[in-house]
Novice: 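Dumping the structure here so I can ask a few things about it.
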Amino acid sequence: CRQVEVSIGFPLPLGSLLGAGLRDGEYLGEPQLLCDIGHDGDVMDMQFLDQERIVVGSSTGSVTVFRHHQNNQTLSENQRWEKAHYHVDQDTSCGGAACTGVICNNPEIVTVGEDGRINLFRADQKDAVRTIDNADSSTLHAVTFLGTTEILTVNSIGQLKIWDFRQQRNEPSQIFSLTGERVPLHCVDRHPNQQHIVATGGQDGMLSIWDIRQGTMPVSLLNAHEAEMWEVHFHPSNPDHLFTCSEDGSLWHWDTSTDISEKPSFLHQGGRSTTYLSHNTINQSVVCAWLNNDPTKDRMEITNLVPNQTLSVNSLDVLGPCLVYGTDAEAIYVNRQLFS
């Protein structure tokens with residue numbers, strides 16, 4: 001198997017430990033590599049489980065928990081579920097299916113994969129707590145928690161599904177679908193305060209907003225990127241702001257926090273027409289803006305934060321005033337003044 005490295009840097013990138021490098025809301029010093037460790041296969045997704053442990057999904061199908069020892073700045077393998085995802089037989093030496101998504105709610109870990117399988121693990125337990133073998137007939141691309149016992153998944157045929165682990169049957173409790181062509185969905189996030197509001201992005205670069213309390217289709221489809229959207233994230237403490245990144249090299253900041261009638265927009269820089277959703281009320285919530293079916297009543301400002309980027313922006317994370325993102329340039333970038 002191809003071996004890559006899992007690295008920890010300061011400030012810690014692309015995970016919930018982004019805040020570990022913060023003091024009084026500001027980062028101290030320049031980013032630097034603290035430690036790394038070999039990893040079998042490509043790193044498909046990674047999430048921090050707690051302040052010391054990182055869960056990594058591999059292209060080989062394995063799921064590994066690494067521990068960061070802050071006293072001597074080393075990484076060690078804490079736990080591994082070999083062949084958590086597989087196409088043929090878990091006991092054979094081949095046939096592993098990529099683990100495409102990982103989400104953590106300590107001590108629980110949920111993974112999804114190319115095999116359409118969903119696994120529920122618990123840290124420090126050898127075996128899976130639950131496995132839904134045939135959760136989907138297509139590739140599951142991403143997963144997030146909806147609540148303590150519910151998860152959301154998106155797949156390669158444009159479906160958003162809710163799964164409730166309290167139910168014994170291995171079927172989703174709800175299924176939502178994009179209309180028309182079955183465009184693969186690559187990413188999903190839920191609003192941190194209004195959990196019925198969900199954002200997804202897919203192969204066509206569109207941003208879809210869903211209200212899972214009603215209907216089976218998105219309430220809004222917003223023109224966004226010119227290529228695949230790889231990640232979408234609501235700001236965890238200021239969800240009037242949302243961020244998306246794409247294969248086309250752009251990283252968009254969607255801002256619905258203020259009346260922008262007198263504010264300039266910096267999006268229109270490359271000849272691409274811009275779609276505005278108009279805002280009338282100062283400090284109007286993103287909930288109202290995105291669930292309003294009449295886009296002329298509300299407005300959002302959209303800014304490309306990396307207008308000169310040409311290579312794919314593959315991953316992003318945000319906390320407080322800081323944004324970090326990784327690109328195909330094999331570099332990690334830190335924006336420390338997101339709202340200045």
Novice: Could you tell me which residues satisfy side chain to side chain donor-acceptor pair (under 3.5 Å) with Thr74, sequence neighbours excluded, listed by chain and number?
Specialist: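 So Thr74 forms a side chain to side chain donor-acceptor pair (under 3.5 Å) with Asn72.
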Novice: Can you name the side chain to side chain donor-acceptor pair (under 3.5 Å) partners of Asn71, sequence neighbours left out?
Specialist: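 Residues passing side chain to side chain donor-acceptor pair (under 3.5 Å) with Asn71: none at all.
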Novice: Is it possible for you to say whether Ile103 and Ile118 belong to one hydrophobic cluster, with membership spreading through side-chain heavy-atom contacts below 4.5 Å?
Specialist: yes
Novice: Each residue besides Ile175 in its hydrophobic cluster should be listed here, by chain and number; the cluster joins Ile, Leu, Val, Met, Phe, Trp and Tyr at side-chain heavy-atom distances under 4.5 Å.
Specialist: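 Cluster partners of Ile175: none, it stands alone.
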Novice: Do Thr149 and Asp164 touch side chain to side chain, with heavy atoms closer than 4.5 Å?
Specialist: yes
Novice: Would you check if Leu207 and Trp254 make a side-chain contact, meaning some heavy-atom pair closer than 4.5 Å?
Specialist: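 Answer yes - side chains close enough.
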Novice: Can any side-chain N or O of Thr256 pair as donor or acceptor with the backbone N or O of Met300 at less than 3.5 Å?
Specialist: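 Not a single qualifying donor-acceptor pair exists.
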Novice: Using modelled atom types and a 3.5 Å cut-off, is there a donor and acceptor pairing between side-chain atoms of Ser62 and backbone atoms of Trp81?
Specialist: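 No; judged by distance alone, with no hydrogens or angles, the pair does not exist.
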Novice: Which residues pass the ring pair (Phe, Tyr, Trp, His ring centres under 6.0 Å) test with His186, sequence neighbours left out?
Specialist: His141, Trp230
Novice: What salt bridge (charged side-chain N to carboxylate O under 4.0 Å, His left out) pairs are there with at least one residue in residues 100-122, not counting sequence neighbours?
Specialist: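 Qualifying pairs: Glu108-Arg122, Asp115-Arg117, Arg117-Asp133.
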Novice: Taking Asn78 for the side chain and Val65 for the main chain, is one N or O donor matched with an acceptor at less than 3.5 Å?
Specialist: no
Novice: Given side chains that start at C-beta, do those of Val313 and Ser250 come closer than 4.5 Å, heavy atoms only?
Specialist: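 They are not in side-chain contact.
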Novice: Would you check if the distance from the ring center of His191 to the ring center of Phe234 is below 6.0 Å?
Specialist: yes
Novice: Does Gly320 offer a backbone N or O that forms a donor-acceptor pair with the side chain of His235 under 3.5 Å?
Specialist: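 It does hold such a pair.
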Novice: So, the side chain of Asp248 versus the backbone of Glu226: is there a donor-acceptor pair under 3.5 Å, distance only?
Specialist: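 Here the side-chain-to-backbone pair exists.
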Novice: Do Phe121 and Val110 share a hydrophobic cluster, counting only Ile, Leu, Val, Met, Phe, Trp and Tyr and linking them when any side-chain heavy atoms are less than 4.5 Å apart?
Specialist: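 No, because Phe121 and Val110 fall into different hydrophobic clusters, even though each may have its own neighbours under 4.5 Å.
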Novice: Atom NE2 in His225, atom CG in Asn304: separation rounded to 0.5 Å?
Specialist: 8.0 Å
Novice: Sort and list the pairs that fulfil salt bridge (charged side-chain N to carboxylate O under 4.0 Å, His left out) and have at least one residue in residues 136-159, not counting sequence neighbours.
Specialist: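 For residues 136-159, and leaving out neighbouring residues, the salt bridge (charged side-chain N to carboxylate O under 4.0 Å, His left out) pairs sorted by first residue read Asp136-Lys161.
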Novice: Identify the two heavy atoms, one from Val55 and one from Cys104, that lie closest to each other, and give their separation to 0.1 Å.
Specialist: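 In terms of heavy atoms, the two residues are closest at CG2-SG, 3.7 Å.
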Novice: Apply side chain to side chain donor-acceptor pair (under 3.5 Å) to Asp189 and list each qualifying residue two or more places apart in sequence or on a separate chain.
Specialist: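 Asp189 satisfies side chain to side chain donor-acceptor pair (under 3.5 Å) with no residue once adjacent residues are dropped.
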Novice: Should we count CD of Glu330 as having more than 12 external heavy atoms under 6.0 Å?
Specialist: no
Novice: Is there side-chain contact between Arg80 and Asp40, with at least one heavy-atom pair below 4.5 Å?
Specialist: yes
Novice: Are the side chains of Leu319 and Asp317 in touch, meaning some heavy atoms are under 4.5 Å apart?
Specialist: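 Leu319 does not reach Asp317 side chain to side chain.
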Novice: Return the minimal non-hydrogen interatomic distance between Leu75 and Cys35, and the atom names on each side.
Specialist: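 Looking at all heavy atoms of both residues, the closest pair is CG-SG, 3.8 Å.
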Novice: Is Val102 close to Ile109 at the side-chain level, that is, under 4.5 Å between some pair of heavy atoms?
Specialist: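 Ile109 vs Val102: side chains touch.
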Novice: Taking transitive links into account, so neighbours of neighbours count too, which hydrophobic residues share a cluster with Trp210 at under 4.5 Å side-chain distance?
Specialist: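 Once heavy-atom contacts under 4.5 Å are chained together, Trp210 belongs with Leu146, Leu152, Val154, Leu160, Ile162, Phe176, Leu178, Val183, Leu185, Val188, Val198, Met206, Ile212, Leu221.
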Novice: Can you tell me how the ring of Phe243 sits relative to the ring of His241, calling it parallel under 30°, perpendicular over 60° and tilted otherwise?
Specialist: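 Geometry flag for His241 against Phe243: parallel rings.
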Novice: Which pairs with one or both residues in residues 211-225 pass salt bridge (charged side-chain N to carboxylate O under 4.0 Å, His left out), sequence neighbours excluded?
Specialist: Asp211-Arg213
Novice: Quick one: are Ser177 and Thr216 in side-chain contact, heavy atoms under 4.5 Å?
Specialist: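 Of all side-chain heavy-atom pairs linking Thr216 with Ser177, none is under 4.5 Å.
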Novice: Should Val112 and Ile157 be counted in the same cluster of Ile, Leu, Val, Met, Phe, Trp and Tyr side chains packed under 4.5 Å apart?
Specialist: no
Novice: Taking the side chain as every heavy atom from C-beta outward, state whether Leu323 and Leu251 have any atom pair closer than 4.5 Å.
Specialist: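 Side-chain contact under 4.5 Å: yes.
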Novice: Taking side chain to side chain donor-acceptor pair (under 3.5 Å) as the test, write out the residues that go with Asn314, two or more places apart.
Specialist: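 By the side chain to side chain donor-acceptor pair (under 3.5 Å) rule, Asn314 matches Ser312, Asp328.
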Novice: Could you pull out all donor-acceptor pairs under 3.5 Å where a side-chain atom in residues 124-131 meets a protein atom, sequence neighbours excluded?
Specialist:
residue : atom : partner : partner atom : Å
Arg130  : NH1  : Phe165  : O            : 3.0
Arg130  : NH1  : Gln167  : O            : 2.7
Arg130  : NH2  : Gln167  : O            : 2.9
Arg130  : NH2  : Gln168  : O            : 3.1
Arg130  : NH2  : Arg169  : O            : 3.4
Arg130  : NH2  : Asn170  : OD1          : 3.0
Thr131  : OG1  : Asn119  : OD1          : 2.9

Novice: Whether the side chain of Gln194 engages the backbone of His196 through a donor-acceptor N/O pair (distance < 3.5 Å, no angle test) should be reported.
Specialist: no
Novice: Enumerate the salt bridge (charged side-chain N to carboxylate O under 4.0 Å, His left out) contacts for residues 60-76, please, sequence neighbours excluded, ordered by first and then second residue.
Specialist: Glu52-Arg67
